[in-house]
Amino acid sequence: MTREPKRFDASAKGPLDGIRVVDLSRLVAGNMLSLQLGDFGADVIKVEPPAGDPLRDWRDGGSSLYWKTYGRNKRSVMLNLREPAAMDALFKLLDTVDVFIENFRPGTLEEMGLAPEKLLARNPDLIIVRISGFGQTGPYAELPGFGTLVEAMSGFAARTGFPDREPVLPPLALADMIAGIYGASAVSTALLARERGIARGQVIDLSLLEPMFSVLGPEAAIYKTTGKIKERVGSGSNTTSPRNVYRCADGKFVALSGSTQAVAKRIFEIIGRADMIDDPRFATNTDRVFNRPLVDEAVGAWFATRDRDDALEVMREAGATVGPVYNIADAFSDPHFVEREVFTEVEDRDFGTLPMHNILPRMSETPGVWRKPAPSLGENTRDVLAEAGLSADEIDLIMGGRTE
């Protein structure tokens, strides 16, 4: 199915229309947070240094595709905050907005003269999001807080990979992404509290560590009550069985999960091992987890004799929960991804169109909007500063005669 690419419409209005955001953060977490707000209509103003947000330098094939994706629905203002006139302009800008996002090391904002109490004294309705690796307090507050460190220290990496090999870090900015989504939820909550008169402005202390730790679910409770540390099990599970990735006869892989008793029974029947249903080694989920290698041996043997597509057809027809292991090329050709527009083509000034993930979640009455492509560095400086009340002469001074 061929669809027209998404066209940007600066006049489109989303449910967050009228909410103004200044994003002073760098790299992924803050950009993910402000992307969520921008996709639903907030006016997101990226304040960047003369070198730009470092995310612009994450390039593939020479192109800044990370920025094109996470810079959409935003405006860019370039300010050299080492200059007093630029700092004055930032103060005036922050007086006019609803949300301020920053991800400096704790204490840096205060050193810059932008302490939250000072900003809230000027703009009592301001919601300030402070993103850091480990939070604004605690022994690790001043440590550098890249997502890699957090993915390791949260316990996530220790659960990823195989028991006879090193722990595995995710190959993408997972901690930042999760924190950004938590942050967008927190901002929405704070805006609702402000609207209801429960609070005015407030400070959101958003670490990367705590959202990443939350992904482990009940592991803290499990450790306290059992005294056991869960081992790495590759693509298997400490919790349910059968559950794993299995290789098919054509070298392709499938992922299967039998996390309920009914589905597990169904899988055993499909693979011709109905005898396992009443076998005390496999009769309950607890039994199957304890004997996981035997379960995987039986299930894996069945998949090893069939090509992936044939195996999927048989399993799905019988109601088993199974799916293919995709790479991005597979996703591009999958009819569900295409028809549902999990990714969508979007107009682009350099490439004509570019595919990127769609706006989500999907809301029936207040959907997100495609308003602006990712801006070039400083593209909106003059317009935004004028909106903040700066005169043409003041703007000229800050921009050093530039006309962006």
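Any value given below was found using the heavy atoms of this structure, including those in side chains, with hydrogens, waters and symmetry copies removed. These figures come from a predicted structure and were not determined experimentally.
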With distance as the sole criterion, is a donor-acceptor pair present between the side chains of [X] and [Y] under 3.5 Å?
| X | Y | answer |
| --- | --- | --- |
| Asp296 | Tyr246 | yes |
| Arg159 | Asn238 | yes |
| Gln261 | Arg266 | no |
| Lys74 | Asn31 | yes |
| Asp95 | Asn123 | no |
| Ser76 | Glu379 | no |

Hey, could you give me the [atom1]/[atom2] distance between [X] and [Y], rounded to the nearest 0.5 Å?
| X | Y | atom1 | atom2 | value |
| --- | --- | --- | --- | --- |
| Asp176 | Met212 | CG | CE | 10.0 Å |
| Met399 | Leu390 | CE | CG | 11.5 Å |
| Leu208 | Ile178 | CG | CD1 | 10.0 Å |
| Phe268 | Asp278 | CZ | CG | 11.0 Å |
| Leu209 | Leu143 | CG | CG | 11.0 Å |
| Arg288 | Arg243 | CZ | CZ | 14.5 Å |

List the steps and the verdict of salt bridge (charged side-chain N to carboxylate O under 4.0 Å, His left out) for Glu48 and Arg26. CA-CA 8 Å; Glu48 304 183 68; Arg26 305 289 178 263; over 6 Å; no

Test side-chain contact (heavy atoms from CB on, under 4.5 Å) on Ile277 and Phe282 and set out the steps. CA-CA 6 Å; Ile277 296 173; Phe282 315 116; over 6 Å; no

Kindly determine whether Tyr70 and Ser34 satisfy side-chain hydrogen bond (donor to acceptor under 3.5 Å, both in side chains), including the steps that lead there. CA-CA 9 Å; Tyr70 293 102; Ser34 59; over 6 Å; no

Might you work through the salt bridge (charged side-chain N to carboxylate O under 4.0 Å, His left out) test for Lys46 and Asp23, ending with a clear yes or no? CA-CA 5 Å; Lys46 281 289 301 184; Asp23 183 357; 3.6 Å; yes

Answer yes when [X] and [Y] have at least one side-chain N-carboxylate O distance shorter than 4.0 Å, and no when they do not.
| X | Y | value |
| --- | --- | --- |
| Arg292 | Glu297 | no |
| Asp39 | Arg72 | yes |
| Arg281 | Asp287 | no |
| Lys68 | Asp350 | yes |
| Asp279 | Arg273 | no |
| Lys118 | Glu110 | no |
| Arg105 | Glu142 | no |
| Lys252 | Asp307 | no |
| Arg371 | Asp9 | no |

Do any N or O atoms from the side chain of Asp348 and from the backbone of Phe351 form a donor-acceptor pair under 3.5 angstrom?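 Yes, the answer is positive, given that a donor and an acceptor are paired below the 3.5 Å cut-off.
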
Within the side chain of Asn103, is there an N or O that forms a donor-acceptor pair under 3.5 Å with the backbone of Ser132? no

In the structure I gave you, are the side-chain heavy atoms of Leu55 and Asp57 within less than 4.5 Å of one another anywhere? no

Can you give me the closest heavy-atom contact between [X] and [Y], atom names plus distance?
| X | Y | answer |
| --- | --- | --- |
| Leu81 | Ala86 | CD2-O, 4.0 Å |
| Pro49 | Met78 | O-CG, 3.7 Å |
| Asn285 | Thr239 | ND2-O, 2.8 Å |

Under the salt bridge (charged side-chain N to carboxylate O under 4.0 Å, His left out) rule, what do Arg200 and Asp125 come out as? Steps first, then yes or no, please. CA-CA 5 Å; Arg200 294 187 68 180; Asp125 292 320; 2.9 Å; yes

Pick one: which of Leu94, Val44, Leu93 meets side chain to side chain contact (heavy atoms under 4.5 Å, CB included) with Arg20? Leu93

Apply side-chain contact (heavy atoms from CB on, under 4.5 Å) to the pair Lys6 and Glu345, showing each step before the final yes or no. CA-CA 6 Å; Lys6 293 288 189 294; Glu345 291 285 335; over 6 Å; no

Ring centres under 6.0 Å, that's the criterion: do Phe303 and Phe253 meet it?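 No - the distance between ring centres of Phe303 and Phe253 does not fall below the 6.0 Å cut-off.
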
Go through it in stages, so that I can follow the logic: the residues are Ser207 and Glu210, the test is side-chain hydrogen bond (donor to acceptor under 3.5 Å, both in side chains), and I'd like the CA-CA distance, side-chain angles, deciding distance and then a yes or no. CA-CA 6 Å; Ser207 76; Glu210 289 151 316; 2.5 Å; yes

Check step by step if salt bridge (charged side-chain N to carboxylate O under 4.0 Å, His left out) holds for Glu313 and Arg306. CA-CA 11 Å; Glu313 183 177 356; Arg306 290 164 172 80; over 6 Å; no

